[in-house]
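Atoms within each ligand, like the ligands themselves, are counted from 1 in listed order. Scope of the values below: all heavy atoms of this structure, side chains included, with no hydrogens, waters or symmetry mates.
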Amino acid sequence: MEEIKFNQIGVSFKGSGSYVPDQILTNQKISKKVDTSDEWIKSRTGISERRISNIDENVSDMGYKAALTAIEMANWDIETIDLIVLATSTPNDLFGSAPSIQAKLGAANAVAFDLTAACSGFLFALITASQFLKGGSFKRAIVIGADQLSSFVDWNDRRSCILFGDGAGALAIESTSEFDNLIGFDMSTDGERGSFLNLPSKNNKDSIIDNIDFLIGGFSPIKMNGQEVYKFAVREVPIMLDNLFRKTNFNSDQVDWLVLHQANQRILDSVGERLKIPREKILTNLEKYGNTSAATIPLMMDEAIRNNRIKQNDIIATSGFGAGLSWGAAIIKWG
Ligand code: ACO
């Protein structure tokens, strides 16, 4: 039997997929609900519209559809998938939504679990799955980012409700002993600044019997300090990517595409400027979808792969950032 050389196996990217709900909420429509305007939202964020899940669909449905299209692109038999990691902060089952995706796919040989890291979730999941592959434990993995923030937004809070939308994206990755197309990565957390962005549990008490109280399960809407989140993103993301370039002996000139978490066009522009990456290399689709949390990076990548912008062997610098606070980055070669 061939000996597996632990930590010497790399990852290759085999497929991408995505799904967005068909219900479109434009800026004009939001301005019927809260005191805002298309002009304000567009100029501050770059967002024109976002998708809202239909009431009969949830994270597991969206994640399944994204995963299926990634598997089709990879041309894999479903039974050959070993691992499914779902990054989400809005599971339809708090015990985990990944197992229902596994069941819908019929991926009977895959272990499936959720991972929560808000808008950094997809990158954290991609890096997590890659460790199983590089370590030789598993061969094929589907990494999904899916979120349904429409269920947790305060639709009366104009400071935050304009930003978010629903969607899902997925990548199919495989281990290989010949090269490593996950060229480098980094991850960071600063819980001290966690209060800038939360989706906290409700503190509603009830009693089971006299003297034994319990907290009723449930969540309050998203709470966000927009300015602090903005400052955090434009400071930390360029620092992390810059360090990563140095660590991997790359420089920003060699990057074909910058794929950032799609939070706000001004954040994308500022990070690009600090890294000296020209605008035409910064992929963006937040005009159509807003911030879909864990879904933005694979949703953006899938769109760019399917319309032939991202091509085989292109170098992609990517970063996810958000609640936690948490942030991560990776340098990827597509293929
Ligand atoms: N329409 C009209 N006016 C608005 C709106 C709105 N939708 N929202 C806020 N305003 C008003 C405020 O009330 C305030 O008015 P006031 O001075 O009379 O009180 C004024 O506009 C300025 O408000 P700010 O909050 O200072 O607006 P800012 O310029 O910071 O823009 C924004 C707000 C767009 C949210 C910005 O801070 C931002 O993009 N931050 C990053 C947030 C983000 O990306 N979060 C998610 C990332 S992490 C993750 O993805 C989970």
Side-chain angles (χ1 to χ4, degrees), residues 25-50 59 87-90 115-125 145-169 188-191 193-200 219-237 240 259-271 284-287 289-300 318-329:
L25 180 64
T26 61
N27 291 347
Q28 283 91 347
K29 286 181 187 164
I30 286 197
S31 67
K32 293 186 181 150
K33 174 82 181 155
V34 290
D35 182 13
T36 189
S37 64
D38 178 49
E39 199 283 324
W40 195 97
I41 301 171
K42 197 83 212 294
S43 63
R44 300 282 177 127
T45 68
I47 299 165
S48 293
E49 58 189 46
R50 67 288 291 143
V59 154
T88 187
S89 300
T90 53
L115 181 154
T116 302
C119 304
S120 310
F122 181 78
L123 264 196
F124 282 20
D147 264 312
Q148 189 169 3
L149 284 177
S150 63
S151 303
F152 296 94
V153 160
D154 177 352
W155 287 105
N156 294 307
D157 176 11
R158 68 176 184 174
R159 287 171 187 261
S160 59
C161 75
I162 55 158
L163 298 174
F164 299 106
D166 301 334
S188 205
T189 301
D190 181 1
R193 291 187 277 172
S195 61
F196 293 156
L197 188 53
N198 300 103
L199 208 174
F219 294 88
S220 301
I222 293 171
K223 276 194 336 193
M224 184 184 76
N225 181 332
Q227 292 194 355
E228 290 297 340
V229 173
Y230 186 93
K231 281 191 271 178
F232 144 73
V234 299
R235 181 184 147 74
E236 303 293 358
V237 173
M240 182 177 271
V259 182
L260 298 178
H261 167 51
Q262 306 280 301
N264 179 317
Q265 188 61 44
R266 290 189 302 157
I267 295 178
L268 271 57
D269 293 343
S270 169
V271 172
T284 166
N285 63 3
L286 52 67
E287 184 178 7
Y289 305 127
N291 178 347
T292 56
S293 192
T296 65
I297 290 174
L299 188 58
M300 183 68 255
T318 178
S319 176
F321 48 87
L325 296 177
S326 61
W327 61 111

Student: How many angstroms lie between CG in Asp157 and CE in Met224, if you round to the nearest 0.5 Å?
Tutor: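 Here the interatomic distance stands at 7.5 Å.
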Student: Give the residue, atom name and distance (to 0.1 Å) of the protein heavy atom nearest atom 30 (O) of ligand 1.
Tutor: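 Scanning the protein heavy atoms, the shortest distance from atom 30 (O) of ligand 1 goes to Gln227 CG, 3.3 Å.
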Student: Do Asp147 and Thr292 pair up side chain to side chain, a donor and an acceptor below 3.5 Å, judged on atom types alone?
Tutor: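 Result is no, nothing qualifies.
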Student: For the pair Arg158 (side chain) and Asp35 (backbone), establish whether a donor and an acceptor sit closer than 3.5 Å, ignoring hydrogens and angles.
Tutor: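 Pair found, side chain donor or acceptor close to backbone of Asp35.
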Student: Determine which pairs satisfy side chain to side chain donor-acceptor pair (under 3.5 Å) with at least one residue from residues 36-48, sequence neighbours left out, and list them in order.
Tutor: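 Listed by first then second residue: Asn27-Asp38, Lys42-Glu287, Ser48-Glu287.
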Student: Counting heavy atoms only, which of Ile267, Asn264, Ile47 is nearest atom 39 (O) of ligand 1?
Tutor: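 When every heavy atom of Ile267, Asn264, Ile47 is considered, Asn264 comes closest to atom 39 (O) of ligand 1.
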Student: As an exercise, state the distance from CZ of Phe321 to CG of Leu123, rounded to the nearest 0.5 Å.
Tutor: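 Answer for the CZ-CG pair, Phe321 versus Leu123, is 10.5 Å.
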Student: Working to the nearest 0.5 Å, report the span between NZ of Lys33 and CG of Leu25.
Tutor: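 Separation between the atoms: 11.0 Å.
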Student: I'd like to check which ligand 1 atoms, numbered from 1 as shown, lie under 4.0 Å from a non-hydrogen atom of Leu197.
Tutor: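 Counting atoms of ligand 1 from 1, those under 4.0 Å from Leu197 are 48 (S), 49 (C), 51 (C).
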Student: Tell me which protein heavy atom sits closest to atom 23 (O) of ligand 1, plus the residue, atom name and distance to 0.1 Å.
Tutor: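 For atom 23 (O) of ligand 1, the nearest protein heavy atom is Arg159 NH1, 3.8 Å.
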Student: Using the salt bridge (Lys or Arg N to Asp or Glu O under 4.0 Å) rule, collect all pairs that involve residues 219-234, keeping only residues at least two apart or in two chains.
Tutor: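 Pairs touching residues 219-234 that pass the test: Glu228-Lys231.
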Student: Please identify which atoms of ligand 1 are closer than 4.0 Å to at least one heavy atom of Thr36.
Tutor: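 Answer, ordered by atom number: 1 (N), 2 (C), 6 (C), 7 (N).
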Student: Which residue and atom name correspond to the protein heavy atom nearest atom 44 (O) of ligand 1, and how close is it?
Tutor: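 Answer, as residue, atom name and distance: Ala263 CB, 3.5 Å.
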Student: Give the residue and atom name of whichever protein heavy atom lies nearest to atom 42 (C) of ligand 1, and the separation in Å to one decimal.
Tutor: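 Result for atom 42 (C) of ligand 1: Met224 SD, 3.8 Å.
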Student: Can you list the atoms of ligand 1 that are under 4.0 Å from a heavy atom of Gly322?
Tutor: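 The atoms of ligand 1 under 4.0 Å from a heavy atom of Gly322 are 48 (S).
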Student: In the complex you have, is atom 17 (O) of ligand 1 within reach of the protein, judged by whether a heavy-atom distance drops under 4.0 Å?
Tutor: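 Given the 4.0 Å cut-off, atom 17 (O) of ligand 1 does not count as touching protein heavy atoms.
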Student: So which protein heavy atom does atom 22 (C) of ligand 1 come closest to, and at what separation?
Tutor: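 Result: Arg44 NH1, 4.1 Å.
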Student: Between Phe164, Tyr230, Phe196, Trp40, which one has a non-hydrogen atom sitting closest to atom 33 (C) of ligand 1?
Tutor: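 Comparing heavy atoms across Phe164, Tyr230, Phe196, Trp40, the nearest one to atom 33 (C) of ligand 1 lies in Trp40.
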Student: Side chains of Trp155 and Ile30: does their closest heavy-atom pair fall under 4.5 Å?
Tutor: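 Touching, per the 4.5 Å side-chain cut-off.
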Student: Near His261, which atoms of ligand 1 are under 4.0 Å from a heavy atom of that residue?
Tutor: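 Checking each atom against His261, I get 49 (C), 50 (O).
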Student: Which of the atoms of ligand 1 are close to Asn291, meaning less than 4.0 Å from one of its heavy atoms?
Tutor: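 Reading through ligand 1 atom by atom, the close ones are 46 (C), 47 (C), 49 (C), 50 (O).
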Student: List the closest protein heavy-atom neighbour of atom 50 (O) of ligand 1: residue, atom name, distance to the nearest 0.1 Å.
Tutor: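 Looking only at protein heavy atoms, the one closest to atom 50 (O) of ligand 1 is Cys119 SG, 2.3 Å.
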Student: Which of the listed options, Gln262, Arg266, Arg158, Gln265, holds the heavy atom that is closest to atom 36 (C) of ligand 1?
Tutor: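 Looking at heavy atoms only, Arg266 sits closest to atom 36 (C) of ligand 1.
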Student: Looking at Asp269, Val229, Ile267, which hits side-chain contact (heavy atoms from CB on, under 4.5 Å) with Val234?
Tutor: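 Filter result, single survivor: Ile267.
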Student: Roughly how far, to the nearest 0.5 Å, is CZ of Phe196 from CZ of Phe232?
Tutor: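 It is 10.0 Å, given to the nearest 0.5 Å.
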Student: Checking contacts now, so for atom 20 (C) of ligand 1, which I'm interested in, is there any protein heavy atom under 4.0 Å?
Tutor: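 No; the ligand atom in question lacks any protein heavy-atom contact below 4.0 Å.
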Student: If you count the atoms of ligand 1 from 1 in the order shown, which ones are under 4.0 Å from a heavy atom of Ile162?
Tutor: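 Listed by number with element: 7 (N).
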Student: Using 0.5 Å steps for rounding, measure from the CG atom of Leu197 to the CG atom of Asn225.
Tutor: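 That separation rounds to 9.5 Å.
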Student: Are any of the N or O atoms of Thr45 closer than 3.5 Å to those of ligand 1?
Tutor: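 No, since none of the N or O atoms of Thr45 sits under 3.5 Å from an N or O of ligand 1.
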Student: Rounded to the nearest 0.5 Å, what separation is found between the OG1 atom of Thr296 and the CG atom of Asn291?
Tutor: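 Interatomic distance, Thr296 OG1 to Asn291 CG, rounded to 0.5 Å: 6.5 Å.
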Student: Within the structure, does at least one protein heavy atom fall under 4.0 Å of atom 13 (O) of ligand 1?
Tutor: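 There is a protein heavy atom less than 4.0 Å from atom 13 (O) of ligand 1.
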Student: Assess the residue pair Asp154 and Ile222 against the criterion (side-chain contact (heavy atoms from CB on, under 4.5 Å)); give the C-alpha distance rounded to whole Å, side-chain angles, the decisive distance to 0.1 Å, and a yes or no.
Tutor: CA-CA 7 Å; Asp154 177 352; Ile222 293 171; over 6 Å; no
Student: Hey, is ligand 1 close enough to Ser293 that some N/O pair sits below 3.5 Å?
Tutor: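 No, no N or O pair falls under 3.5 Å.
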Student: Quick one: does Gly226 get an N or O within less than 3.5 Å of an N or O on ligand 1?
Tutor: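 Among all N and O atoms of Gly226, at least one is under 3.5 Å from an N or O of ligand 1.
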